[in-house]
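Inspection log for the structure reproduced underneath, given as structure tokens.
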Number of protein chains: 2
Amino acid sequence: MVDDEMPLGLCRGMVLSLDTVFAALADPTRRAILSMLLEDDMAVTDVAEPFEISLAAISKHLGLLASAGLISQEKRGRVRWCKLEPDALREASVWMQGFGQFEPVNLDAFERFLAAELVAPEAECD
Amino acid sequence: MVDDEMPLGLCRGMVLSLDTVFAALADPTRRAILSMLLEDDMAVTDVAEPFEISLAAISKHLGLLASAGLISQEKRGRVRWCKLEPDALREASVWMQGFGQFEPVNLDAFERFLAAELVAPEAECD
DNA sequence: GGCATATTCAACCAAATGGTTGACGATGAA
DNA sequence: TTCATCGTCAACCATTTGGTTGAATATGCC
């Protein structure tokens, strides 16, 4: 596809961050990691602790999140600290707003959502 | 992974819609299609017209968007009309806005440095 | 130095993804 | 009826993804 022919101003390089951000968010393990980092910064090992997959797999997930800009990582001593970077979501969020006249910026809705989808394993999750 | 041990209430089947919605949004062709449908409903052939990939590939993309709930498809005559369903974005949008809204608790100098350093170069997209 | 801990790397694997082509069913038009 | 159009299906292919394991690298501690 040639840029001139691309619909609605899409052009290569511009969409890369949307690609990577949305792809990063498409995985439930990575979303769970982001939720954990919402509480506090964490070391890689501690991030991995609740999951059953290998540490190497978690390390890959963290690398992907970092390359999408959703987290940052800083090595102090032998521990690599992972920190949420919520700003990276802004571009994607703005993109999504373009499609909706959803009620914008509703933190109540978010908290309800977290309650329902993230922090409530009791819901028939036998 | 056993559900009991899953962090933050993740359990299978529950997060499926976020998975599929974000995965659908992770592809630039599909986002372009959604942008086109923002203007008006379109037939599959017309959706495919600006792209260089095959009609079959576009058909697959549309099927994926439909299964994610982001569009609906209705066959009238021999034409299948595609229609944007922006409501499907609401859940994902709420999820993202929640993260974006959290004022970073511990935004220190290092992170600010990273943010400045890693900001994508302004893509001049006419 | 020697050992344990923290994390990544490299090689591999299975499954999913995004694309192709050609055949096919369904529909509208001549 | 015959033909062109609309769209999907099936089979295939290359690449990416998400996982594994085992080795390697860094760092902290005794």
Side-chain angles (χ1 to χ4, degrees), chain A residues 1-2 6 10 12 15-34 36-37 41-68 70-83, chain B residues 1-2 5-7 10 12 15-34 36-37 41-68 70-83:
Chain A
M1 197 190 295
V2 179
M6 294 184 82
L10 286 178
R12 272 163 299 279
V15 287
L16 207 154
S17 70
L18 281 181
D19 283 12
T20 55
V21 166
F22 281 131
L25 296 179
D27 184 275
T29 299
R30 286 192 292 266
R31 288 198 308 276
I33 290 173
L34 292 178
M36 292 163 66
L37 292 177
D41 301 354
M42 295 180 81
V44 174
T45 303
D46 295 331
V47 168
E49 194 273 330
F51 299 94
E52 281 197 338
I53 63 179
S54 68
L55 181 64
I58 294 292
S59 179
K60 281 195 201 174
H61 280 306
L62 289 170
L64 206 150
L65 287 169
S67 73
L70 291 167
I71 68 169
S72 59
Q73 294 181 292
E74 182 197 6
K75 189 167 183 182
R76 285 199 295 268
R78 61 180 166 178
V79 172
R80 180 175 295 262
W81 292 93
C82 304
K83 174 193 193 62
Chain B
M1 199 190 291
V2 178
E5 301 167 356
M6 294 183 81
L10 285 180
R12 271 162 297 281
V15 287
L16 206 151
S17 70
L18 279 181
D19 283 11
T20 55
V21 167
F22 281 131
L25 296 178
D27 184 276
T29 300
R30 287 193 291 266
R31 288 198 307 275
I33 291 173
L34 292 178
M36 294 163 65
L37 293 177
D41 301 355
M42 297 180 79
V44 174
T45 304
D46 295 331
V47 168
E49 196 272 333
F51 298 95
E52 283 196 337
I53 62 179
S54 68
L55 181 64
I58 294 292
S59 179
K60 280 195 203 175
H61 280 306
L62 290 170
L64 206 149
L65 287 169
S67 75
L70 291 167
I71 68 169
S72 59
Q73 295 182 292
E74 182 197 3
K75 189 167 182 183
R76 285 199 296 269
R78 61 179 167 180
V79 173
R80 180 176 294 260
W81 292 93
C82 303
K83 175 194 189 65

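The model shown is predicted, which means the values in this text are computed figures rather than measured ones. Here is how names work: the chains are called A, B, and so on, in the same order as the sequence lines, proteins then strands, and each is numbered from 1.
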#### Entry: A:Gln73 CD - C:dA6 P separation (whole Å)
16 Å
### Query
Excluding sequence neighbours, so at least two apart, what forms side chain to side chain donor-acceptor pair (under 3.5 Å) with A:Arg30?
A:His61
### Query
Atom CZ of B:Arg80 and atom CD of B:Glu74: how far apart are they, to the nearest 0.5 Å?
9.5 Å
For nucleotides 2-6 of chain D, list the nitrogen or oxygen atoms of the protein found under 3.5 Å from its nitrogen or oxygen atoms, one pair per line.
residue	atom	partner	partner atom	Å
D:dT5	O2	B:Arg78	NH1	3.0
D:dC6	O3'	B:Arg78	O	3.3

### Query
Starting at CG of A:Leu25 and ending at P of D:dG18, how long is that distance when rounded to a whole Å?
12 Å
### Task
May I ask you to verify if any side-chain N or O of B:Ser59 is less than 4.0 angstrom from the OP1 or OP2 atom of D:dT8?
yes
### Query
Can you tell me how far C1' of D:dT8 sits from CG of B:Leu64, to the nearest Å?
15 Å
### Query
Between CD1 of B:Ile58 and CD1 of B:Ile53, what distance do you get to the nearest 0.5 Å?
3.5 Å
### Query
So how far is it from B:Leu37 CG to B:Trp81 CH2, rounded to the nearest 0.5 Å?
11.0 Å
### Query
Side chains of A:Leu25 and A:Leu70: closer than 4.5 Å at any heavy-atom pair?
yes
#### Entry: Separation of C:dT17 C1' from A:Asp19 CG (nearest whole Å)
13 Å
### Message
Can you see if the side chain of A:His61 gets near the phosphate of D:dT17 - specifically, an N or O under 4.0 Å from OP1 or OP2?
### Response
no
### Task
With the side chain counted from C-beta on, respond yes when A:Leu18 and B:Pro28 share a heavy-atom pair under 4.5 Å apart, and no when they do not.
no
## Note on the structure
Between CD1 of A:Ile53 and C1' of D:dT21 the distance, given in whole Å, is 14 Å
### Query
Any N or O donor-acceptor pair linking the side chain of B:Lys60 to the base of C:dG19 at under 3.5 Å?
yes
### Message
Need one value for B:Arg30: base, sugar-phosphate or nothing, where a base atom within 4.0 Å counts as base even if backbone is also close, heavy atoms only.
### Response
sugar-phosphate
### Query
Expressed in angstrom and rounded to an integer, what is the separation of A:Leu62 atom CG from C:dC9 atom P?
12 Å
### Query
Can you tell me if the side-chain N/O atoms of B:Ser54 get under 4.0 Å from OP1 or OP2 in C:dT20?
yes
### Message
Set out, in order, the CA-CA distance, both residues' side-chain angles and the distance that settles side-chain contact (heavy atoms from CB on, under 4.5 Å) for B:Gln73 and B:Leu65, then state yes or no.
### Response
CA-CA 10 Å; B:Gln73 295 182 292; B:Leu65 287 169; over 6 Å; no
### Message
From CD1 of B:Ile58 over to P of D:dT8, roughly how many Å is that when rounded to an integer?
### Response
11 Å
### Query
Please give, in whole Å, the distance from C:dT17 P to B:Leu65 CG?
13 Å
